[in-house]
> 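Pasting in a structure now, in structure tokens, and then I'll have a few things to ask.
Every chain is numbered from 1 and lettered A, B, ... according to where its sequence line falls, protein lines coming before strand lines. For clarity, every value in this text was computed on a predicted model and none was experimentally measured.
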Amino acid sequence: MNAFQQIIDWMPTLINATGVTIALSVTSVITALILSVFLALGKISKFKALRYPSTVYVFFFRGTPLLMQLFFIYYTLPNLIPSLTITSRFLAAFIAFSLNVAAYLAEIIRAAIQSIDKGQMEAAKSLGLSYTQAMMLVIIPQAYRRMIPPVANEFIMVLKDTSLVSVIALTDLTFQTKIIASNRASSLVYIPAMIIYLCLTGIFTIVFNRLEKKLSIYE
Amino acid sequence: MSIIRTVDLSKKFGTLEVLKDVNLEVNSKEVIAIVGPSGAGKSTYLRSLNGLEHITNGEIYIDDELFDKRVHGIPQVKLDHAKKVEMLLRMGMVFQRFNLFPHKTVLENITLAPIKVKKVKLEVARKQGIELLDRVGLSDKVDAYPSKLSGGQQQRVAIARALAMEPEIMLFDEPTSALDPELVGEVLTVMSDLAKSGMTMLVVTHEMGFAKEVADKVVFMCDGQIAEIAKPNEFFSNPQHPRAKQFLGSIL
């Protein structure tokens, strides 16, 4: 009973920290999504000037550990270029996650776009639509639905990967849990923390499933 | 005046020569059926006309205006974008696999290009769209999604979609080849009506009945070349080219 009471007492602090976890995941995935559409279009572009930078970007951000990218932005960058010093831990984490996740989402979006039957582009062109119009009005809207399952997967990974921000002392759910665990010398706090993570991933799984159903009306 | 004319049009995929010096003229209100064995280059020819395939050599004229000319794959004419689109839109294209936009309703499929490309007002485009659907016998399917329609119905929508851009000529790329046999008739009926209304049509088809009854001319292609051009009754009763005789012998 004592243990149970302890957990109840920790809850407000944990839930506060959960806000940081959610805010970081949602904002960085949304930013990454916008960035990744451009990267994906760059990767399938016939112009080298667009294709090469996108390819190098994806290669770099998928090819190095997220943890190191986080360190790099928060610690290394200010040493190299003092004007790029980021004092806000949240902002540093947000930038690192957005840039990293964009690389993964770019590949998801590229695959979804390329999975659309090429007859769709041909029909659009034969009706006089420009490449941009065909992409925005015909191809990408169809690719949305195909992107949802892998994007949901990526989002859930990000939600959990945000626990890495404890290394720059940003008080997310994981960091807060560690603080409580060491201050109170009680490892019990990992139980409610894990349950909170499970609830979060559960809620977002439901949200994405609904979204997928909603976008499937025409099938 | 010819609507479409090609001069020594050729197309290579690598070293494979799919079209060899194809010369053809389609005059206003003419219905031409292109027939021939598979691999003859019929579809490639049709797709070359509106730029879905880039030709290797030759010239394409639309209304006697040069639309494309290439030598060894290198373009020799540079039209500005607006002019190119305007000329492209004189041709309407119907595909073997319909290629309707699955995320748009039947009416949206038809109105998309008029609104976005021709800047037609929404209400005007919708009104035209409904009229076109009525013309292909699908006025009850306005708000349906393509996946809810049969293949024959989808192809009729695709025809209406192409007509919405008010082309001078309609190109049909094996429009009934992907259909179940019982659905072929409804599409051919729409095409016959279109021919009767005076539309210029270039039709790649395996439907010999259609070629015989509706076409003004039959073009027989084999090995990337036009082997014979004749009136349908002459072509079907007395083909001249040995490959045409062989082809008709194998299908009839």
> Below 4.5 Å, heavy-atom pairs only: which of A/Gln133, A/Glu122, A/Arg145 has the largest tally toward chain B?
A/Glu122
> So what's closer than 4.5 Å to chain A heavy atoms on B/Phe101: side chain, backbone, both or neither?
both
> With a 6.0 Å cut-off (strictly less than), is the heavy-atom count around NZ of A/Lys43, excluding the residue itself, greater than 12?
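Buried by this count: over 12 neighbours within 6.0 Å.
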> Checking heavy atoms, do the side chain of B/Arg161, its backbone, both or neither come under 4.5 Å from chain A?
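Looking at B/Arg161, backbone and side chain both touch chain A.
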> Would you say CZ of A/Phe90 has more than 12 non-hydrogen atoms from neighbouring residues, nucleotides or ligands within 6.0 angstrom?
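Yes - once you tally the heavy atoms of other residues, nucleotides and ligands closer than 6.0 Å, there are more than 12.
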> Crowded around B/Lys118 NZ? As in, over 12 foreign heavy atoms under 6.0 Å?
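More than 12 within 6.0 Å, yes.
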> For residues 132-148 of chain B, tabulate all N or O donor-acceptor pairs below 3.5 Å that involve a side-chain atom, not counting sequence neighbours.
residue	atom	partner	partner atom	Å
B/Asp134	OD1	B/Ser139	OG	3.4
B/Ser147	OG	A/Tyr218	O	2.7

> Using a 4.5 angstrom heavy-atom cutoff, name the option from B/Leu52, B/Val85, B/Val94, B/Leu112 with the most pairs to chain A.
B/Leu52
> Looking at A/Arg51, I'd like to know if its CZ atom is crowded, meaning that more than 12 non-hydrogen atoms belonging to other residues, nucleotides or ligands lie closer than 6.0 Å.
yes
> Counting only heavy atoms not in B/Arg126 (residues, nucleotides, ligands), do more than 12 fall under 6.0 Å from its CZ?
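No - once you tally the heavy atoms of other residues, nucleotides and ligands closer than 6.0 Å, there are 12 at most.
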> So with a 6.0 Å cut-off around OH of B/Tyr61, is the heavy-atom count from everything else above 12?
yes
> With rounding to the nearest 0.5 angstrom, report the CG to CE distance, B/Asn99 to A/Met121.
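So the gap between those two atoms works out to 12.5 Å.
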> Non-hydrogen atoms of chain A under 4.5 Å away: do they reach the side chain of B/Leu171, the backbone, both or neither?
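Nothing of B/Leu171, per the 4.5 Å heavy-atom cut-off to chain A.
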> Does atom CZ of A/Phe59 have more than 12 heavy-atom neighbours from other groups under 6.0 Å away?
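Counting neighbours around CZ of A/Phe59, 12 or fewer heavy atoms of other residues, nucleotides or ligands fall under 6.0 Å, so no.
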> Taking the side chain from B/Asn50 and the backbone from A/Ser126, do they hold a donor-acceptor pair closer than 3.5 Å?
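Between the backbone of A/Ser126 and the side chain of B/Asn50 there is no qualifying donor-acceptor contact (under 3.5 Å).
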> Could you measure the distance from the CG atom of A/Leu127 to the CE atom of B/Met165? Nearest 0.5 Å is fine.
6.5 Å
> Can you tell me how far the NE2 atom of B/His103 sits from the CD atom of A/Gln120, to the nearest 0.5 Å?
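That separation rounds to 7.5 Å.
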> Is it the side chain or the backbone of B/Lys104 that comes within 4.5 Å of chain A heavy atoms, both, or neither?
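Interface part for B/Lys104: side chain.
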> Non-hydrogen atoms of chain B under 4.5 Å away: do they reach the side chain of A/Leu215, the backbone, both or neither?
neither
